[in-house]
Amino acid sequence: RLPAGVRLASPSPLPPRSSAPPPTVTAPAPATSVFLVPAPAPSPPPSPSPEPSPSPTAEPLGITLDPPSGPNGTTLVVNGTGWPPDAEISLEYLDTVGEPTGSQSVAIADAQGRFSAQLTAQDPANLPGRHSVRASDGVSTAETTFQAQA
């Protein structure tokens, strides 16, 4: 029992619970990104290479004498072609049987493989006839004749 004048208040009724579905939320549509990737630039066409200039015909390995004949003791001009550039060439004067006489010289080939040098046609035996001049760079050898006159 409650004392006089006190009333029991009943709680206010709760609103009825509804079983309504939750509100529908619409998500924004996914954004589509478009990336434009430029195609690689085509390689420039190769520039035409210049036509190779015709290489000069390689001169054959050899030597010549000026003069080709004369008396013992003649000063010879020995000209060479076809040697390796900057090669050191040994020149020897040979007697009639191909033996060195002791007369020798050294020449250096230029960038085109040419040289010009002097050599004395000196045979201690002073024999007339066919003598030789030999040129060698240690790898290649060339010979030519000198006609020694009496």
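Note that the structure is a prediction, hence the values are computed from the model and not measured.
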Specify the closest pair of heavy atoms between [X] and [Y], including all atoms of both residues, with the distance to one decimal.
X: Ser140; Y: Leu61; answer: CB-CD2, 3.5 Å
X: Thr74; Y: Pro67; answer: CG2-CG, 3.9 Å
X: Thr141; Y: Ser136; answer: OG1-OG, 3.5 Å
X: Glu143; Y: Arg134; answer: OE2-NE, 2.9 Å
X: Ala107; Y: Ala117; answer: CB-CB, 3.7 Å

- Message: Treating Ser132 as the side-chain partner and Gly98 as the backbone partner, does any N or O pair qualify as donor plus acceptor under 3.5 Å?
- Response: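 Not confirmed, Ser132 side chain does not pair with Gly98 backbone.
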- Just by distance, do the side chain of Thr120 and the backbone of Gln122 share a donor-acceptor pair under 3.5 Å?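 Pair absent, no side-chain N/O of Thr120 close to backbone of Gln122.
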[atom1]-[atom2] distance between [X] and [Y], expressed to the nearest 0.5 angstrom:
X: Glu59; Y: Arg114; atom1: CD; atom2: CZ; value: 4.0 Å
X: Leu94; Y: Gln104; atom1: CG; atom2: CD; value: 10.5 Å
X: Thr144; Y: Leu76; atom1: OG1; atom2: CG; value: 10.0 Å

- Message: Is it the case that the side chains of Asn72 and Asn126 hold a donor-acceptor pair, with the cut-off being a distance below 3.5 Å and no angle test?
- Response: yes
- If you group Ile, Leu, Val, Met, Phe, Trp and Tyr by side-chain heavy-atom gaps below 4.5 Å, do Leu119 and Phe146 land in one group? yes
- Query: Does the side-chain contact (heavy atoms from CB on, under 4.5 Å) test come out yes or no for Val133 and Ile63, once each step is laid out?
  - Reply: CA-CA 9 Å; Val133 172; Ile63 57 172; 4.1 Å; yes
Side chains of residues 79-92: which donor-acceptor pairs under 3.5 Å do they make with residues two or more places apart or in other chains?
residue : atom : partner : partner atom : Å
Asn79   : OD1  : Ser116  : OG           : 2.8
Thr81   : OG1  : Pro60   : O            : 3.0
Trp83   : NE1  : Thr81   : O            : 3.4

- With sequence neighbours excluded, what pairs up with Tyr93 under the ring pair (Phe, Tyr, Trp, His ring centres under 6.0 Å) test?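 His131.
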- Message: Could you walk me through whether Ser105 and Gln118 satisfy the side-chain contact (heavy atoms from CB on, under 4.5 Å) test, starting with their C-alpha distance in whole Å, then the side-chain angles of each, then the deciding distance to 0.1 Å, before giving a yes or no?
- Response: CA-CA 7 Å; Ser105 183; Gln118 291 186 341; 5.8 Å; no
- Message: Through direct or indirect side-chain contacts below 4.5 angstrom among Ile, Leu, Val, Met, Phe, Trp and Tyr, which residues connect to Leu127?
- Response: none
